[in-house]
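Everything below concerns the one structure shown next.
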Amino acid sequence: MTLLKVEDLTIQFKSRQGVVKAVDNLSFELAKGISLGIVGESGSGKSVTSLAIMRLLQNANTEITGKIDFEGVDLLKLSPDEMRKIRGNSVSMIFQEPMTSLNPLHTCGKQIMEPILIHQKGISKQEAKKRAIELLRLVGIPSPEQRFHEYPHQMSGGMRQRIMIAIALACDTKLLIADEPTTALDVTIQAQILDLMSKLKKQRDMSIIMITHDLGVVKEMCENVVVMYTGQIVEKSPTDLVFKDPLHPYTKGLLNAIPKISSKVERLEAIPGTVPDALRMPTGCSFHPRCKYATERCKAEKPPLYKREDGREVRCFIYDAGEKGDDGNVTNEYKEYSNSINPK
Amino acid sequence: MMEMSQTNIKSTATLSIQSEVENILEVSHLKKTFQIKSPDGKKGLLKAVDDVSFTIKKGETFSLVGESGCGKSTLGRTLLGLYPPDRGSKILFNNEDITNISKTNRKNFARKAQLIFQDPSACLNPRRTIKQILMEPFKIHKIKNGEAKITELMDMVGLPSRFLDRYPHEMSGGQKQRVGIARALALDPELVVCDEPVSALDVSIQAQVINLLEDLQKQLNLTYLFISHDLSVVHHISDRVAVMYLGKIVELATRDELYENTQHPYTKALLSSIPDVSGEVREKIILTGDVPSPSNPPSGCRFHTRCPAVMDICRTKEPEFKQTNSNHFVACHLCTK
Ligand SMILES: Nc1ncnc2c1ncn2[C@@H]1O[C@H](COP(=O)(O)OP(=O)(O)OP(=O)(O)O)[C@@H](O)[C@H]1O
Ligand SMILES: Nc1ncnc2c1ncn2[C@@H]1O[C@H](COP(=O)(O)OP(=O)(O)OP(=O)(O)O)[C@@H](O)[C@H]1O
Ligand code: SF4
Ligand SMILES: [Mg+2]
Ligand SMILES: [Mg+2]
C-alpha cells in the first residue's frame, strides 16, 4: 500500500543573484513499512525535499510546485493547523543539524515530552516524563534520568543527534524522515540506532526515508534507493542491485570514493570536478562536465529518466534503448568505460 | 631536513622513538571537569577528560577515536584553550606552556592553532554572509590581502565563489562544513584540530576534502589532530591513532600497529563493527551492557562493565597505561600481565 507519493516536486529559491532550482521535477513512491534511501552529492536537494514534505519551507522566497500525497491527502494543500496535527505525529523528521533544531533554552527532557503532550491527548505529565526517559534509554544515552534535565550545550555532538532521534520517535510515527541521522555517531551506537529504527519499522509498520551519504547504512537499512544529483533523480533502484551493478556514472563514482580498510591507497578516488553552481547549470546532462563518458549528445541534450526492463530507472544516455550495443543492453563505449573504472 | 623527517614518518612508522622530529604538542595529565546538576538539584562533577597524556609530532596526523560522549571534542577544545583545563594539566605548544600565557601570546597561539568544528552551523554566524565570515580572521589579526585569499580558499574546498554572498541558512549541510574548513585554514595555521571534518559530507566530497587536507599537510607541514568516528577514514589519513573510552586514552599506537595488532578489547570491538560495503562478512563483537556515564565511571578498569574478556582484577584495579612495544601503548590488564 502506498503511503507517500511525491509527484513532480519542484522547489525554487529566489535569491539576490537569481532563481535557484534546488529540486527539479522529483517523483517517487514509498509503500507502507518500506525504507527508501536517498543518497547524493552535497547540495543536491535532499534536505530541501524532506523539509518540503514536512511543510517547513514555506516562505516568500520559496516556490514549491507538484504534489506530496500522504495517505491520499496532498500535504501541500493542507492548512497550517491541519499540518500541525500531522507534523511530529504521523510524519516526523530527524534533522541534519541538531544544534539548529534543538532549543538551547529548554532541557532535552522537556523537548522530548513536548510532542508527546501535544499529540497524545489525555496523557499525564508524569507519564510523558517516564516515556521521555525511556526514549533516552532506547537511543543509548547513559544515565537518562540525569540527562533528562540537561541542556543541549551540555551534551556531546552525538548525544544531541540522539536527542533529535528521541524527539522524532516520541509519537506513533507512520513516516520517519531521517536526514543524516547517524553522521555524528560512532559505529557501535550507529548500529544500536539503526537496530532501534528497524524494530520500530516492523512494530509500527513504519516507513522510513533515510537520507545519508553513508552507503553502508543504505545497504543495511533500505529496500530501495534513490540517487540524486543537482536536484534530480539520476538513479532509482532496489538497493542490492545498486551495490552489485551501479548504473549511472555518478553512482559508480560514489561507490569508488569510499575509503576501504582492506586497501592501502595513496589517494582516495574522488569524482573529478565540483558540483555545478545552481545558478549556472551546465547545458545538457548536468553531470557531463564531470563524467568520463560524456559525448556530444550529453552536452547538448538533457537525458530523461529511462525505465529499464528490470524496473530500475536511470537518467543517462548510455541506457537509451535506441542506441543499444552488442549485448543489447548498454552502448559499447559505455562498456569500455565501465570496465576501465571497475576492473574485473 | 624537514622534508626528510617527513618521509621518515610515513615510511618507517617508528614515530615514538624518532627524536629528530620535534613535538608540536606535549600534553601531560590533562583533565577537564564540568560541573553538572543531578536530578535532585545537587551539584555533581563530570570528568569529560580524565588524566590524558600524549605528544604530537610536527607534521603528523594524530587521530582520536572512540564512542560518542567519550570526550574527544572536549579534549580538542581544551587543547586549543576554548575550555580552561583543570589545575595540574600541562599543555606545551612548541615548547611553550599555553595553560597560562599572556594575552598577546594567546592571540598568536590562536592564529597558529585552529579548529574545524563538528557542527558547522554552530560556528557560522547566521547574520553574516560567507564572505564576512571568511574575512573575519583577517580582520582580527590585521592581515591584508584577505579578499584574494578567500577566493583561493573557496576554490580549494570546492565551493563556487558566488556562495560568498550567501548566508549560512541558504546552504546545504555539506556546503557549510566546507566553509568551516576554509575558515580554519585561512591563516595558514600550524596545528589544526579537525573535529569530525568530513562526517557531514558525502563520500565523493569527503574524498576531495581528505585529499585536500593531505595536500595541504605536505605543502605547509601542517599537523592534524583528527577526531572522527569513521574508522575507515581514520585508517586512511592517520600516522598514529589514540582510542578513547570514558575520558581516558586506552590504546595508542601507529596506524598499522593499531589496526593489525590490536590489543585492547574495546578497540577490537570498535574495529569489528565497521560497516562494510565490499560484501565481506566480518565477525562483529557486539558490546553488551549500558554505556556508563562519565559522571559516575565504573571502578577499576572503566571498560570492565562491557568487556568480553573481563577478569576479577579488572573490577577493582585500574590498569596502567603501559608501553607494549616501541609503537604501542595499552591500558588493559590482559596486556600487562
Ligand atoms: N533558503 C535557501 N535559499 C537559497 N538556496 C538554498 C536555500 N536552502 C538550500 N539552498 C540550496 O539548495 C540546494 C540544495 O540544498 P539541500 O540542503 O537540500 O542539499 P543536500 O542535498 O541536503 O546537501 P547536504 O548533503 O550537503 O546536506 C543547495 O545548493 C543549497 O545551497
Ligand atoms: N559544556 C559542557 N557542560 C557539561 N558537560 C559537557 C559539556 N561539554 C561536554 N560535556 C560532557 O562531556 C562528555 C564528553 O563530551 P564530548 O563532546 O567531548 O564528547 P565526544 O567524544 O566529542 O562525543 P561525540 O562523538 O558525540 O561528539 C559528555 O558526557 C558531555 O555530556
Ligand atoms: S582491563 Fe580487563 S576489563 Fe579492562 S579492557 Fe582489559 S580485559 Fe577488559
Ligand atoms: Mg542536507
Ligand atoms: Mg564531539
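Labels below follow one simple rule: chain letters A, B, ... track the order of the sequence lines, proteins then strands, and each chain is numbered from 1.
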Inset, instruction - Please determine, among B:Ala48, B:Gly71, B:Ser172, the option with the most heavy-atom pairs under 4.5 Å with chain A. - result: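 Ranked by contacts with chain A, first place is B:Ser172.
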Legend entry - Max heavy-atom pair count under 4.5 Å with chain A, selected residue of B:Glu196, B:Glu67, B:Arg162, B:Lys72: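 Answer, by heavy-atom pair count under 4.5 Å with chain A: B:Arg162.
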Inset, instruction - Inspect the surroundings of NZ in B:Lys32 and state if more than 12 heavy atoms from other residues, nucleotides or ligands are less than 6.0 Å away. - result: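 Yes, because the 6.0 Å sphere around NZ of B:Lys32 holds more than 12 heavy atoms from other groups.
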Inset, instruction - Only one of B:Ser295, B:Ser293, B:Pro292 passes side chain to side chain contact (heavy atoms under 4.5 Å, CB included) with A:Pro142; say which it is. - result: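 It is B:Ser293; the other options fail the test.
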Inset, instruction - Between chain B and each of A:Gln154, A:Arg137, A:Gln192, A:Gln96, count heavy-atom pairs under 4.5 Å; write down the option with the most. - result: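 If we count pairs closer than 4.5 Å to chain B, A:Gln96 comes out on top.
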Inset, instruction - Mind ranking A:Met155, A:Arg162, A:Arg160 by heavy-atom pairs under 4.5 Å with chain B and telling me who comes out on top? - result: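 Max contact count across the listed options: A:Arg162.
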For [X], which atoms come within 4.5 Å of any heavy atom of chain B: side chain, backbone, both, or neither?
X        : answer
A:Glu150 : side chain
A:Val20  : side chain
A:Thr182 : backbone

Legend entry - Minimum heavy-atom distance between A:Met159 and B:Ser68, given as atom pair plus value: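 That would be N-OG, 3.6 Å.
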Inset, instruction - Grab the two heavy atoms, one from A:Gln146 and one from B:Ile36, that are nearest each other, plus how far apart they are. - result: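 Scanning both residues, the minimum pair turns out to be NE2-CD1, 2.9 Å.
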Contact part of [X] toward chain A, heavy-atom cut-off under 4.5 Å: side chain, backbone, both or neither?
X        : result
B:Leu46  : side chain
B:Pro126 : neither
B:Asp215 : side chain

Legend entry - Stepwise side chain to side chain contact (heavy atoms under 4.5 Å, CB included) test for A:Ser42 and B:Arg178: CA-CA 10 Å; A:Ser42 175; B:Arg178 281 177 280 164; 3.4 Å; yes
Legend entry - Stepwise side chain to side chain contact (heavy atoms under 4.5 Å, CB included) check, A:Asn61 with B:Glu170: CA-CA 11 Å; A:Asn61 293 325; B:Glu170 297 175 326; over 6 Å; no
